[in-house]
Every structure is written in structure tokens, then in C-alpha cells.
Amino acid sequence: MDRGRGRMLPLLALHAASEYYRLPWKPPVTAGLLAANTLIYLRPAFLRNIIPPIDEVWFNAHLILKHRDLKRFFLSAFYHVGEPHLVCNMMSLLWKGIQLETSMGSVEFASMVAALLGMSQGITLVLAKSLLLFFDYERPYYSEYAVGFSGVLFAMKVVLNSQSENYTDFLGILIVPTHYVAWAELILIQLLVPGVSFLGHLGGILAGILYLRLNGTYSGAAPLSLLFRGISTALRWPMRIGRNMFRSPTRRIFGRWRSQACTYDNSGLSSICEMLGSNRNDNGFSPRRLHRSHELHLDELRSRRIHRFGR
């Protein structure tokens, strides 16, 4: 398949870099999602043994239920059929992800994306199976093949616009309440691009509504948030240990050293403070030493120095 690579991806990279450059805080989860989707689309040679080809991950309700294929269920959202498909979704992800991650925090945002991914794919699967059972709609929905991140993006749009009381001028055609824009986009995209997955987009909208309902009724921290926060803490723990191990109260200056208790520039060959006679590792936090240092007058410090250096 000729995907016409190389024309639009540099523009996506340039736009993403410029957006992140102007941000005081760089949302890491959004950047990771952009990189993951792009790498999966490109499938570089060194990752081809890890990333399966698109033919193995198409979202197909019949194959997922028949073979219990979780690979198709989860991975199909990260695959795209061409550069226009990828770039359009990634530009939308960049805009929505930056706003949501900045307001929610990275841990909450990551848990929300994971939940929306599972719910949107699950709702799409239930819808396809229900249409088959109740209306015998097998060919249009139950057996169709689809990929793309747009289901999650529709869910993110619902979450992002849920608290808005504004109105949106929708492509100059009509003015709708902002929290209903996702529904307008669902209908318009289906009219303009008939080949897109209607159930996938609808499943995303319903997933966003379900997420908001569940989030509103559950007062505690979401289980996925706790999981991601625990993973983040576990990853930072070794770095903290390493910093504490190599942290010292002593400060070296070009072969000489100072400490919090001794501010004199001492020779690096000596471990004794040349002014106070204290040890290099003495951090000066002992109450007894602090009290004693306050009792030392200038004359006594001068006499100690004269006694030590003989002048």
C-alpha cells in the first residue's frame, strides 16, 4: 500500500514542536501518545518485530468475539491507514491533550485516556453485536474493519466540552452549544466521509458520556489513577535514592572544600577545618555544636587561628 509518506509528517512534527516550545510546562503523556501513534504508523525496521502489521490488528467485531482477540481490541486504536488519517487525528490529539493534561495533571489524564480507550472500544463492540442480533446488520457494522484513534478523540471532546456553557459556530453552517459539538461532528463527518467508522465515533461519544457519569458518581480516586500514580512513584524512587546517596553537605571549590559548619576554604588534602578544627563531614546541625559556635567570639576565633598557624 502506498501511503504517500513524507509529505505531511514533517508539518505535524513542526507544529507539535512549536506548540510545546511555547508551553511553560510540557505535557508528557500527550507527547508520548503522539510519538506512539507516529512510530506505529511508520513501523521503523528496528521495531518491526515488536509492532504487528496493520492486517493483524484491524478492529473487527466478528474476529474479536470469535477469537477473543485482545490485540485487535486494544491496538487497533493506535493504527492509521494513511498520513492524512494520522495527521488529522494527531492534530486533534495535540489540541485536546494539551488542554486536558494541563488542567487534570498527567496521572489523571493518563488514567482517563486508558479508560476512554477501553470503554470506546467496548461500546463499539457491543453496538456492532447488538445490531447483528436485533436488526441483522452484519455486513455494514459487525464485519467491517476499522482502525484509528478517533473514537478516543471523540470521547476526549465530550469530556473537554462537558463544562462549557458557550456556543460554537460549527463550520459557518449552524451554531450549537459547545457540549453538543461532538454530535454535530459525528453527523457531518459521516455525510462528508461515508467510509469512516460511524460506530467507532458513536462509541467514543458514548464512552465520554459514560466516563463523566461514572466520574461524577464516584467520589474517591479512580483505580486507574491510583495505579498510574503508584507506577510513577515507583519509577521516581530509585532516582531519589541515588540523589540522596551522592548528596553531601560538603561543597568543593577547585580542589578545596567547605561545609555547612565550616565556611573556610580548606585544602582538599585535609579533612579537618583549618578555622574551627571540626571534621569535614560535620554538617553543623548538632544542637550542642550550634550552641557552642554561637558562644565563640571574634577574639577567640582569632586566637585559635593564630595558635593553629603560628601567626
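Just so you know, residue 1 is the first one in the sequence shown, and it goes up from there.
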Does any part of the side chain of [Y], heavy atoms only, come nearer than 4.5 Å to the side chain of [X], both counted from C-beta?
X	Y	answer
N89	N37	no
F198	L127	no
Y141	L132	no
F109	M156	yes

Apply side chain to side chain donor-acceptor pair (under 3.5 Å) to [X] and list each qualifying residue two or more places apart in sequence or on a separate chain.
X	value
R68	none
S130	none
E101	T30, S106
S164	none

I'd like to know if the side chain of [X] reaches the main chain of [Y], judged simply by a donor and an acceptor atom lying under 3.5 Å from each other, with no hydrogens or angles considered.
X	Y	answer
T178	N166	yes
Y20	A31	yes
S111	E108	yes

Taking the six-membered ring for Trp and the single ring otherwise, decide whether the centroids of H80 and Y41 are under 6.0 Å apart. no

By side chain to side chain contact (heavy atoms under 4.5 Å, CB included) - contacts of [X] (at least two apart):
X	value
T102	W25, P27, I98
F135	L131, Y137
N60	H62, L63, Y145
W183	Y180, L186, L202, I205, L206, I209

Does Y167 sit in a hydrophobic cluster with other residues, and if so which ones, taking ILVMFWY side chains as linked at heavy-atom separations under 4.5 Å, directly or through other members? I175

Linking Ile, Leu, Val, Met, Phe, Trp and Tyr through side-chain heavy atoms less than 4.5 Å apart, which residues share a cluster with I187? L191

Which pairs, with at least one residue in residues 150-160 and sequence neighbours excluded, count as a salt bridge (charged side-chain N to carboxylate O under 4.0 Å, His left out)? K157-E185

According to salt bridge (Lys or Arg N to Asp or Glu O under 4.0 Å), who are the partners of K129, at least two apart in sequence or on a separate chain?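 None.
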
